Amino acid sequence: MKLTRKRVLVTGGAGFLGSHLCEHLLRDGDDVLCVDNYFTGRKDNIAHLIANPHFEAMRHDVTFPLYVEVDEIYNLACPASPVHYQFDPVQTTKTSVIGAINMLGLAKRIGAKILQASTSEVYGDPTVHPQTEDYRGNVNPLGPRACYDEGKRCAETLFFDYLRQHRVKIKVARIFNTYGPRMHPNDGRVVSNFIMQALRGEDITLYGDGSQTRAFCYVDDLIDGLVRLMATGDAIIGPMNIGNPREIAVRELAERIIRMTGSSSRIVKLPLPPDDPAQRCPDIGLAQAQLGWQPHVALEDGLRRTIAYFRAMVAEQGGAAAMQPATA
Ligand code: NAD
Ligand code: UDP
């Protein structure tokens, strides 16, 4: 047991990634303050942590200032699924930009280290493949994804300005598509959508022809990368890609999930949303060199665990739970 516990603030701590991060930090012996406005996060995600005396949950919106005393801040607050961040785009930009200013101001006042959960979306629809950190991106500043993409880009700018102007200790992680248990079943992201549709025997909604690619990282690997980045010395600041470099076409993902769930669902094609990136895959050379990090969970294993999570949820809801167990 540690004699002195680190006090760690996780904004967005009741969300998908945030709840796994809180759990990981508690396991490491830290004192965790989870701040969330529950826009896309759920109390269910952190219910199992509430009884822990080293965990505290606070309802708060990061677009308002926060006065707490901590040693480290992970700034994750922001809806991440296109459906959710496009629901109230002005609030999405406010959360990214004003939220970053408030959390950086807090870090500056109390001398805390702060890590930003940035995103591969800063590369937009990339023309460089795989994406390296020095690629400046191809974002449409006027499109429906811009509230998120430009908000996150501006947040990165703020992080580097607080470093240069105020010497705040920053870390910027560019997170690529991550999946796993506790994704919101209705958040519209591809892995949760396809698994829920397959388990319920509904049509699998493939946007476009499914040739667009993504590279999917299992949540445990991702959290390990974030925690390693936070633990580095002041010279390592990022931006740093954290993701799994195994690229897969969305159609192939759909077929794999149908196979693994034993579903009778059909694939139906729907129009591709505007500005949907055609190709995305991280170059993780920097994370490998500076963190000694790389993902370990294979897509098949991660999907199996995620399917099991959603299957239990569907069974609890009394839906099409009679579906046969996974075959793969
Ligand atoms: P999520 O939607 O599950 O979690 C976001 C959390 O932030 C939710 O709990 C939500 O209620 C909270 N939140 C939103 N606005 C807030 C506000 N104004 N004040 C306080 N809390 C607020 O999404 P996630 O997948 O867990 O993503 C977490 C972070 O990681 C986000 O910043 C996201 O941009 C980034 N990220 C995630 C992925 C991914 O694939 N999961 C990829 C790239 C970047
Ligand atoms: N997608 C799809 N069907 C769905 C949801 C998503 O074909 O029901 C596609 C989407 O068009 C994109 C990819 O899957 O090409 C990943 O989408 P997601 O919303 O998970 O994340 P993104 O990487 O686009 O932010």
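Numbers for residues simply follow the sequence, beginning at 1. What you see is a predicted model; the values in this text were computed from it and never measured.
- In this structure, Tyr38 places its OH atom where more than 12 heavy-atom neighbours from other residues, nucleotides or ligands lie under 6.0 Å away.
- Of the candidates Asp71, Asp31, Asp30, Arg7 forms a salt bridge (Lys or Arg N to Asp or Glu O under 4.0 Å) with just one, namely Asp71.
- For the pairing with Tyr123, the side-chain hydrogen bond (donor to acceptor under 3.5 Å, both in side chains) check across Asn241, Asn138, Asp149 returns one residue only, Asn241.
- Within a 6.0 Å radius of CZ in Arg167, no more than 12 heavy atoms belonging to other residues, nucleotides or ligands are found.
- Across every non-hydrogen atom of Ser19 and Arg182, the tightest pair is OG-NH1, 3.1 Å.
- Cation-pi check for Lys269 over Tyr207 is not met; the charged atom does not lie both under 6.0 angstrom from the ring centroid and within 45 degrees of its normal.
- Nearest heavy-atom pair across Thr261 and Leu199 is CG2-CD2, 3.9 Å.
- When all heavy atoms are compared, the tightest approach of Asp221 to Trp293 is O-NE1, 3.0 Å.
- Screening Lys152, Arg214, Arg280 for a salt bridge (Lys or Arg N to Asp or Glu O under 4.0 Å) with Glu121, the sole residue that qualifies is Arg280.
- Partners of Arg266 according to the side-chain hydrogen bond (donor to acceptor under 3.5 Å, both in side chains) rule, which considers only residues two or more places apart in sequence or in another chain, are Asp203.
- Partner of Glu300 under the salt bridge (Lys or Arg N to Asp or Glu O under 4.0 Å) criterion, out of Arg305, Arg259, Arg256: Arg256 alone.
- For Asp209, the side-chain hydrogen bond (donor to acceptor under 3.5 Å, both in side chains) test picks out Ser211, with sequence neighbours left out.
- Nearest heavy atom pair, residue Pro277 against residue Gly124, reads CG-O, 3.6 Å.
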